[in-house]
Amino acid sequence: MAPKKSTRASTRAADSSTFDVTPKDDDSREEVEVKKPIRGKRSASDSSDKKTKSVPPSIPLFSHWLMKSEPETRLEYGVDVKFGIEDLKALPNQTGCWDGVRNYQARNFMRDMREGHVAFFYHSNCKEPGIAGIMEVVKVAYVDHTQFDKKDVHFDASSKADNPKWSMVDVRYQRMLQRFIPLSELKKYHLKHSATGGPLKSMALFTSARLSVQPLTPEEFQFVLDLETKEPI
DNA sequence: GCCAACGTTGGC
DNA sequence: GCCAACGTTGGC
């Protein structure tokens, strides 16, 4: 049942500069103030979080996401970790679980996802990196079973069954973008917007380049979406 | 294949 | 708690 997901998601990714923070280990996630959108504070995220006081469930700060996965064959311990948007589309119900994320910040963002949230499917570590299509979150975060599977590339011996470290969400393919939006094009806008102001000036793809699951503001999401009907620059 | 950026680990 | 060493991400 599980697609072999974003491997890339695997161990590293983030850059703690922009968002919430550092790899808190496990379940942490307390009271972190996020700078981006305004919105309230983030309170303890999880009722299951033992380290924080119980606080009402936090209101998710974001509802738009970008998730990276590798569309080209690459062997990791002899296993092909390829999982491009076409692979998601080919699954039953065009739905798969986003397993294999092994970075706390990325994991925490997945825990913030809610049903109906939209995410760009980003192709990474390939000939032409960029955004290929759109998917929808159809199941909120739950335990990523691959962490307990010794045969799995993403097995994590440090994670215990009674306190799993890693989570995943289910996503459903929605559609391809009318045209592929290459990273190179997004970068041009990012540079331009950094200089003159504009929606992509703080886009996580550039400010937290290695983060495999990233939030987008509504403005960022809409700007990128609008590119599909515009001429490439 | 290279390597910059940066997250993680573990000694102290 | 610091920080050097190490490992990974992912563009190029």
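Worth knowing before you read on, the calculation uses all heavy atoms, side chains too, and leaves out hydrogens, waters and symmetry mates. So you know, we letter chains A, B, ... as the sequences are listed, proteins then strands, and number each from 1.
Side chains of A:Thr73 and A:Asp80: a donor-acceptor N/O pair is present below 3.5 angstrom, by distance only.
Taking the side chain of A:Asn103 as heavy atoms from C-beta on, and the options B:dT8, C:dG11, C:dG10, the nearest nucleotide is B:dT8. You'll find that the side chain of A:Arg210 is closest to B:dA5, out of C:dG11, C:dC12, B:dA5.
Atoms CD (A:Glu128) and P (C:dG11) sit 11 Å apart, rounded to a whole Å. Taking atom CG of A:Leu186 as the reference point, atom C1' of C:dC12 lies 16 Å away to the nearest angstrom. The distance from atom CZ of A:Phe206 to atom P of C:dT9 is 20 Å, rounded to the nearest whole Å. Remark: C1' of C:dT9 and CG of A:Leu183 are 13 Å apart, rounded to the nearest angstrom. Counting to the nearest Å, the C1' atom of B:dA5 and the CG atom of A:Leu211 are 14 Å from each other. Look at OH on A:Tyr122: it is 8 Å from P on C:dG10, rounded to the nearest Å. Between A:Arg74 atom CZ and C:dG11 atom C1' there is a gap of 14 Å when expressed in whole angstrom units. In this structure, A:Gln105 atom CD and C:dT9 atom P are separated by 15 Å, rounded to whole Å.
The other residues sharing a hydrophobic cluster with A:Val143 are A:Phe148, where clustering joins ILVMFWY side chains under 4.5 Å apart.
At the phosphate of C:dT9, neither OP1 nor OP2 sits under 4.0 Å from any side-chain N or O atom of A:Lys68. Checking the phosphate oxygens (OP1, OP2) of B:dC6, no side-chain nitrogen or oxygen of A:Tyr104 falls inside 4.0 Å.
Taking the salt bridge (Lys or Arg N to Asp or Glu O under 4.0 Å) definition, one finds that A:Arg172 meets it with nothing, sequence neighbours left out.
Among the candidates A:Trp65, A:Phe109, A:Phe121, the single residue satisfying the ring pair (Phe, Tyr, Trp, His ring centres under 6.0 Å) test with A:Trp98 is A:Phe121.
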